[in-house]
Amino acid sequence: MKNIIRSVKGTRDFYPDEMARRSWLVEKLKEASESFGYQRYEGPCLETIDLYAAKSGEELVKEQAFVFPDRGGDPITLRPELTPTLARMVAEKQKQLVFPLRWWSFGPFWRYERPQKGRTREFYQWNIDLIGSDSVQADAELVALAANFFNLVGLKSDMVQILINDRRLMDRKLTYIDVQTEVKPELLKLIDRIDKQPADVWEKNVAALGLKANQIQAVKELLADARLWEESEELSLFFKYVEALGVSEYVRYDPKIIRGLDYYTGIVFEAHEARGDFRAILGGGHYSNLVEDVGGQPLPGVGFAMGDVVVMLVLEAYGLLPAELSYPKTVFMTVFSDDLLVESIGLARELREQGFDVILAEPDKLSKQFKLADRLGVKFALVLGPDELENDLVGVKDLRTFEQESISRSELKSIFNKQK
RNA sequence: GUGCCUGUAGCUCAAUGGCAGAGUGCUUCACUGUGGCUGAAGAUGUUGAGGGUUCGACCCCCUUCAGGCACCCCA
């Protein structure tokens with residue numbers, strides 16, 4: 001490689017093809033979000049460190065946020081997540097807003113982590129929240145919205161599963177087996193991680209928290225109980241609503257789902273690719289006091305976040321990314337010769353005035369112009385040579401079917417519209 | 001932040017410490033009104049970067065950068 005100045009570690013360049021994919025993804029998010037009446041919003045990418053001081057998992061802020069002094073010397077944070085920003089925005093207008101709020105967002109975030117597959121330092125995230133409701137119905141709505149999004153992009157329920165648990169249920173069960181209150185947070189973190197550690201290592205870690213052998217056994221039995229949810233009134237209701245919402249196939253109970261962020265208080269969920277080859281696609285849950293920490297009145301809600309990286313990897317693995325995105329509706333206007341350049345310019349202009357997208361070539365051998373059109377990925381190429389001009393026609397070639405016909409200028413519009 | 005693996009042509013990858021290659025793509029021509037196929041010719045490298053060992057390094061050693069895997073954390 002030559003001495004090209006390198007991009008910042010963990011960032012990505014979006015060349016037109018990749019940008020088209022991202023735009024496509026945003027279209028789908030928007031469609032899923034709006035179908036449930038959610039409105040788009042956005043906050044700043046720069047925040048004060050104070051905003052995060054009281055919230056999030058401490059590690060997310062202390063270890064992973066990009067923090068640097070601005071020119072005045074005040075610490076500035078590149079947002080590592082959106083929830084604190086959302087909390088502030090809601091708190092500032094708490095008296096004016098109409099609750100429950102249904103809001104979604106898509107924008108960039110930064111975390112100073114070691115990059116690997118599915119994880120970059122700069123990434124985009126779909127955030128969606130329903131704020132001001134404490135109902136199980138709200139929880140079910142968000143999960144159904146996620147499932148509808150998967151369905152919309154072609155990820156069927158045999159490819160993606162949304163795993164559900166409830167922290168209140170787990171808390172009750174741990175109390176029942178005499179786990180000390182102060183040990184619970186650490187134990188829950190270990191439960192969240194059980195699939196990542198070898199069984200003996202995991203048991204050793206749990207024992208280190210002070211659990212006796214019979215308690216460890218009880219925890220293991222809990223985590224193996226796929227019907228544990230039946231003991232939860234909330235989860236029973238939840239699954240009933242999920243069925244009414246028509247997304248049961250996507251949803252499954254899993255007692256190992258806990259979630260890392262501290263502010264979840266009720267139902268929590270995570271979406272995973274079925275074969276387990278990827279990190280979590282999205283994660284979220286119910287919180288009871290979103291706004292309190294930033295100075296507002298307590299407000300409950302439910303929401304989730306989905307990074308762009310993993311979902312795109314999953315979509316690619318299943319061949320679900322739209323194939324031809326480069327120039328789906330652009331027309332390529334060839335130039336027959338230097339003499340006829342002005343004629344081609346004129347026709348291109350005419351078509352643009354009618355609302356079509358037109359790339360105008362430069363005079364060259366027609367073979368080169370067609371090859372260029374082919375490589376660009378346009379569908380139609382137009383030819384305006386002496387024969388066509390004499391009869392007031394235009395040669396229209398469909399580059400995919402290799403069929404070409406000469407038609408009058410006035411018919412051009414209908415041809416393009418018909419073929420899209 | 002810890003441990004391990006990888007880095008060679010635009011792309012996918014070869015090359016016992018002994019002349020850096022193949023496939024594909026690219027350029028030109030056969031083809032003076034047309035991109036599919038065919039044939040002919042051609043171009044392409046600081047072997048990620050820097051240092052060391054050696055008569056000689058893509059290969060061995062050190063440093064560094066980037067990517068990947070596990071941990072950590074999480075989207």
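Note: hydrogens, waters and symmetry copies are ignored here, and every other heavy atom, side chains too, is used.
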Checklist entry - Is there ring stacking between F336(A) and rG33(B), where the centres must be under 5.5 angstrom apart and the planes under 30 degrees? => result no
Item to check | Whether F109(A) stacks on the six-membered ring of rA75(B) base, 5.5 Å and 30° limits | outcome: no
For [X], answer base if it contacts any base atom (sugar-phosphate contacts may also be present), sugar-phosphate if it contacts only those atoms, and nothing otherwise; contact means non-hydrogen atoms under 4.0 Å.
{"X": "E388(A)", "value": "base"}
{"X": "L372(A)", "value": "nothing"}
{"X": "K365(A)", "value": "sugar-phosphate"}
{"X": "L399(A)", "value": "base"}
{"X": "K397(A)", "value": "base"}
{"X": "G284(A)", "value": "nothing"}
{"X": "V311(A)", "value": "nothing"}
{"X": "S7(A)", "value": "nothing"}
{"X": "R111(A)", "value": "base"}
{"X": "R121(A)", "value": "nothing"}
{"X": "D308(A)", "value": "nothing"}

Checklist entry - Sub-3.5 Å donor-acceptor pair from the side chain of E34(A) to the main-chain atoms of E31(A), do we have one? => result no
Checklist entry - Is there a donor-acceptor pair under 3.5 Å between the side chain of R111(A) and the backbone N or O of P80(A)? => result yes
Checklist entry - Below 4.5 Å, heavy atoms only, C-beta onward: do V8(A) and T11(A) meet side chain to side chain? => result yes
Item to check | Any side-chain heavy-atom pair of T334(A) and L366(A) under 4.5 Å | outcome: yes
Next on the checklist: Could you tell me how far apart E403(A) (CD) and rG36(B) (P) are, to the nearest whole angstrom?
Outcome noted: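 After rounding, the reported distance stands at 17 Å.
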Item to check | Spacing between R119(A) atom CZ and rG1(B) atom P, to the nearest angstrom | outcome: 13 Å
Next on the checklist: Do Y287(A) and D129(A) pair up side chain to side chain, a donor and an acceptor below 3.5 Å, judged on atom types alone?
Outcome noted: yes
Checklist entry - Regarding Q354(A) and R349(A), is there a side-chain donor-to-acceptor distance under 3.5 Å anywhere? => result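 There is no such pair between these side chains.
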Checklist entry - What nucleotide among rC72(B), rG35(B), rG68(B) has an atom nearest to a side-chain atom of K371(A)? => result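 When the side chain of K371(A) is considered, rG35(B) is the closest of rC72(B), rG35(B), rG68(B).
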Item to check | Selected nucleotide, minimal atom distance to D387(A) side chain, candidates rC74(B), rG35(B), rG33(B) | outcome: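 Side chain of D387(A) sits closest to rG33(B).
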Next on the checklist: One pair to check against salt bridge (Lys or Arg N to Asp or Glu O under 4.0 Å): K256(A) and D254(A). What are the steps and the verdict?
Outcome noted: CA-CA 5 Å; K256(A) 298 191 289 291; D254(A) 186 339; 3.6 Å; yes
Item to check | Pi-cation contact, Y112(A) with R121(A) (under 6.0 Å, within 45°) | outcome: yes
Next on the checklist: Between Y112(A) and Q404(A), which residue's closest nucleotide on RNA chain B lies nearer the 5′ terminus?
Outcome noted: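 Taking each residue's closest nucleotide, the earlier one in sequence belongs to Y112(A).
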Item to check | Pairwise 5' ranking along RNA chain B for A373(A) and D195(A), keeping only the more 5' one | outcome: A373(A)
Rounded distance in Å between the [atom1] positions of [N] and [M]:
{"N": "rU2(B)", "M": "rG50(B)", "atom1": "C1'", "answer": "25 Å"}
{"N": "rC60(B)", "M": "rA43(B)", "atom1": "P", "answer": "32 Å"}
{"N": "rA57(B)", "M": "rC74(B)", "atom1": "P", "answer": "49 Å"}
{"N": "rG17(B)", "M": "rC11(B)", "atom1": "P", "answer": "26 Å"}
{"N": "rG10(B)", "M": "rC69(B)", "atom1": "C1'", "answer": "27 Å"}
{"N": "rC59(B)", "M": "rU16(B)", "atom1": "C1'", "answer": "10 Å"}

Phosphate OP1/OP2 of [N] contacted by [X] side-chain N/O (<4.0 Å):
{"X": "Q116(A)", "N": "rA70(B)", "value": "yes"}
{"X": "K368(A)", "N": "rU27(B)", "value": "no"}
{"X": "R193(A)", "N": "rC74(B)", "value": "no"}
{"X": "K189(A)", "N": "rC73(B)", "value": "no"}

Checklist outcome for this item: Dot-bracket assigned to RNA chain B with the 3.5 Å Watson-Crick/G-U criterion, [ ] for crossing and | for other-strand pairs, is (((((((..((((....[..)))).(((((.......))))).....(((((..]....))))))))))))....
Checklist entry - Hey, are R88(A) and E47(A) close enough for a salt bridge, meaning a charged N less than 4.0 Å from a carboxylate O? => result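 A salt bridge links R88(A) with E47(A).
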